[in-house]
Amino acid sequence: MSNSKRLERERNTLITMIGMYCKGNHHGEKLCPECAELQEYALKRLENCPFAEGKTTCAKCPVHCYKPQMRERIRKVMRYAGPRMIYTHPIQAIYHILDGRRKAPLKRQQDSRNT
Ligand code: SF4
Ligand SMILES: [Zn+2]
C-alpha cells in the first residue's frame, strides 16, 4: 500500500467518523461549526504527520501531536463512530482496525534525530 493511499484512507476515515458523530450527536444536516473545526484540525495534523507511511491510527499514536483538548474530542468521536462504522462502512472499519494494530514506526523518528 503506497503512502498516499494510506493517508488518503485515513483522511476518508476521519471524515466519515466525524460526520457520523456530528449527525448522531448534533443532529444537523451538515457538519456543525464545532465538528468542522475538529475535522479541519485533524486533517491538518495528518498532513504534517511525522510517521506518514506505516503509521498506526492517531488514537493509538504514542506521540499524539494533537493538543489535549482536540485529542479528547477526537477520542470521543472515535469511541462513538468506531463500533457503528462496522455496519455502515465495513471496509473502512476493517482497515481502521488493522491500521490501529500496527506499531508506530518509532525507529524512523530516532533515525531522523541522528542525521
Ligand atoms: S497523532 Fe500521531 S499518527 Fe496522528 S497525525 Fe499526529 S503524529 Fe501522526
Ligand atoms: Zn457536530
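Remember, predicted model here, so these are calculated numbers, not experimental data. By convention here, the first residue in the shown sequence is residue 1. As the structure lists them, so they are numbered: ligands from 1, and atoms in each ligand from 1.
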Contacting atoms of ligand 1, where contact means under 4.0 angstrom from a heavy atom of Cys61: 1 (S), 2 (Fe), 3 (S), 7 (S)
Glu72 bridged to Lys76 by N-O distance under 4.0 Å: no
SG (Cys32) - the Zn ion (ligand 2) - SG (Cys22) angle, nearest 10°: 110°
Separation of Met20 CE from Ile15 CD1 (nearest 0.5 Å): 14.0 Å
Nearest to the Zn ion (ligand 2) - the N/O/S atom of His26, by atom name: ND1
Smallest separation among heavy atoms of Lys23 and Gly28, with atom names: CG-O, 4.3 Å
Per-atom contacts of ligand 1 with Arg45, taking only distances under 4.0 Å to non-hydrogen atoms: 5 (S)
Geometric cation-pi criterion Arg84 and Tyr87, 6.0 Å radius, 45° cone: no
Heteroatom test (N, O or S) for His64 near atom 6 (Fe) of ligand 1, limit 2.8 Å: no
Crowding at CD1, Ile91 (>12 non-hydrogen neighbours, <6.0 Å): no
